[in-house]
There are 2 protein chains.
Amino acid sequence: MADSGGSERKGIDRELRRGSLELIVLQLLAPGEAYGYEIVSKLTAETNGALEVTDGTLYPVLYRLERAALVAVRWETPERGVPRKYYRLTDAGREELIRLTHEWSTFAKAMNKLLRRDREAK
Amino acid sequence: MADSGGSERKGIDRELRRGSLELIVLQLLAPGEAYGYEIVSKLTAETNGALEVTDGTLYPVLYRLERAALVAVRWETPERGVPRKYYRLTDAGREELIRLTHEWSTFAKAMNKLLRRDREAK
DNA sequence: CAATATATCGTGTTACGCAAGGTATATTAC
DNA sequence: GTAATATACCTTGCGTAACACGATATATTG
């Protein structure tokens, strides 16, 4: 609406996050287990909101990872408090984390190289 | 259906490209005009295939950019050869290129920072 | 005219991120 | 005791981008 007449080029961020979210979550689980809600706030905090997602976005990701056996799940029901579902990396998850990190790295390098090109051609 | 038990984690590359393709194309047009087929081969060549796309992927991107007035179009029909559609950046396109480059940079920095985290833990 | 190369464009599929809403349990307020 | 708030999980539906696949059209070569 602020973009009068134009095409409103909104969240490219949303598209950029595509495909990197799994990597992000796996990486956040690398130090140890965490539960869903915790991951959301961790992500927001550690990236100053740059990679922020809502829980409605995260849970499907976690479910995908679980189904792919990249994470394992443990319920914890304390005497006080709402039950929490803790996720931790499986061995396959750690391998996948390494693999995806490499893929990301390759991609990012190619992008950066391309974007740096404007110094020759001006 | 083809996914029998195993998780078959295929093209994350495809997802990573999401949202960056517009930026890529704008950047490739920065030095001067080019036509569609040319952009495809340029992209493949300059990134050693890391960001390769097919023409079926590229043309919709170009159409989006044209509709958003980020690129302008010129047909050239030579006496010999198939007509070519040349694209060049508009002023708005140059601004958008700068804007998207910044967005990419912010995103990539956040990702790299997050991925570098594994040196404290472990 | 058949085959190949160049070049553009259209259709249908897939899958992801997200807004929006729903459920359930515990704590605090009155 | 019940209303409100916080915590924590999950589901549905939508929009949209990338891609595979195929169609179209022109020019060259045999």
Side-chain angles (χ1 to χ4, degrees), chain A residues 7-25 33-44 49-68 71 73-87 100 107, chain B residues 1-3 7-25 33-44 50-68 71 73-87 100 107:
Chain A
S7 56
E8 170 106 33
R9 312 211 59 68
K10 43 170 185 199
I12 183 193
D13 274 0
R14 176 179 186 160
E15 306 302 332
L16 285 180
R17 260 189 289 277
R18 260 221 179 199
S20 45
L21 251 189
E22 293 194 3
L23 168 55
I24 290 168
V25 172
E33 65 178 6
Y35 60 96
Y37 229 70
E38 189 182 6
I39 295 175
V40 173
S41 43
K42 250 188 172 181
L43 184 53
T44 301
L51 298 178
E52 191 172 19
V53 295
T54 66
D55 64 314
T57 299
L58 182 66
Y59 285 114
V61 176
L62 288 170
Y63 181 62
R64 286 204 308 270
L65 294 176
E66 185 186 351
R67 252 203 343 184
V71 300
V73 170
R74 173 177 71 86
W75 276 101
E76 179 161 319
T77 312
E79 300 92 57
R80 318 203 135 219
V82 181
R84 290 167 171 176
K85 198 171 175 182
Y86 281 87
Y87 297 85
L100 289 183
F107 173 73
Chain B
M1 15 190 77
D3 191 7
S7 57
E8 167 113 33
R9 312 212 59 67
K10 45 169 179 201
I12 183 191
D13 274 0
R14 175 183 186 155
E15 307 300 334
L16 284 180
R17 259 190 290 278
R18 263 226 174 193
S20 46
L21 251 189
E22 294 194 3
L23 168 55
I24 289 168
V25 172
E33 64 178 10
Y35 59 97
Y37 228 69
E38 189 182 7
I39 295 175
V40 173
S41 43
K42 251 187 172 181
L43 184 53
T44 302
L51 299 178
E52 193 172 17
V53 294
T54 66
D55 65 311
T57 298
L58 182 65
Y59 284 113
V61 176
L62 289 170
Y63 182 63
R64 287 204 307 271
L65 294 176
E66 184 186 350
R67 254 201 341 184
V71 301
V73 171
R74 174 178 71 85
W75 276 101
E76 179 161 319
T77 312
E79 300 93 57
R80 316 204 136 219
V82 181
R84 291 168 171 175
K85 199 171 174 181
Y86 280 88
Y87 297 85
L100 290 183
F107 172 73

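Summarising the geometry, the separation between OH on A:Tyr86 and P on D:dA8 is reported as 8 Å, rounded to the nearest angstrom. Rounding to whole angstrom units, CD1 of residue B:Ile12 and C1' of D:dC19 are separated by 17 Å. Taking atom CZ of B:Arg80 as the reference point, atom P of C:dA7 lies 15 Å away to the nearest angstrom. Distance CG (B:Leu23) to C1' (D:dA18): 16 Å, rounded to an integer number of Å. Rounded to a whole Å, the CD atom of B:Glu22 is 9 Å from the C1' atom of D:dA17. As a whole-Å value, the separation of B:Leu65 CG from C:dC9 P is 13 Å. For the pair A:Glu38 CD and D:dA8 P, the interatomic distance rounds to 9 Å; values are reported in whole Å. Atom CG of B:Leu16 is separated from atom P of D:dA17 by 17 Å (rounded to the nearest Å).
The side chain of A:Arg64 lies closest to C:dG17 when the candidates are C:dG17, C:dA7, D:dC10.
The residue among B:Pro83 and A:Ser20 whose nearest nucleotide of DNA chain C lies closer to the 5′ end is B:Pro83. Mapping A:Pro78 and A:Gly19 onto DNA chain C via the closest heavy atom, the residue that lands nearer the 5' end is A:Gly19.
The shortest distance between the side-chain N/O atoms of B:Tyr35 and the OP1/OP2 oxygens of C:dA7 is below 4.0 Å. For D:dC9, neither phosphate oxygen OP1 nor OP2 lies less than 4.0 angstrom from any side-chain nitrogen or oxygen of A:Arg84. Taking 4.0 angstrom as the limit, B:Tyr59 places a side-chain polar atom (N or O) nearer than this to OP1 or OP2 of C:dT8.
Between B:Arg74 and B:Glu76 there is a salt bridge, with a side-chain nitrogen of the basic residue lying less than 4.0 Å from a carboxylate oxygen of the acidic one. The existence of a salt bridge linking A:Arg17 and B:Glu15 is excluded, since no basic side-chain nitrogen approaches an acidic carboxylate oxygen closer than 4.0 Å.
Contact of B:Arg18 with D:dT16 (side chain to base): a donor-acceptor pair of N or O atoms is detected under 3.5 Å.
Among residues two or more places apart in sequence or in another chain, the side chain to side chain contact (heavy atoms under 4.5 Å, CB included) test is passed with A:Arg14 by none. Checked against salt bridge (charged side-chain N to carboxylate O under 4.0 Å, His left out), A:Lys42 has no partners two or more places apart in sequence or in another chain. Under the salt bridge (charged side-chain N to carboxylate O under 4.0 Å, His left out) criterion, B:Glu38 pairs with no residue, sequence neighbours left out. Contacts of A:Tyr37 classified as ring pair (Phe, Tyr, Trp, His ring centres under 6.0 Å), with partners at least two apart in sequence or in another chain: none. Under the ring pair (Phe, Tyr, Trp, His ring centres under 6.0 Å) criterion, A:Phe107 pairs with B:Trp104, not counting sequence neighbours.
Across all strands shown, A:Tyr63 has no heavy atoms under 4.0 Å from either base or sugar-phosphate atoms.
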Polar atom pairs (N or O), protein with nucleotides 18-24 of chain C, under 3.5 Å:
from	atom 1	to	atom 2	distance (Å)
C:dC18	OP1	A:Arg17	NE	2.8
C:dC18	OP1	A:Arg17	NH2	2.8
C:dC18	O4'	A:Arg14	NH2	3.4

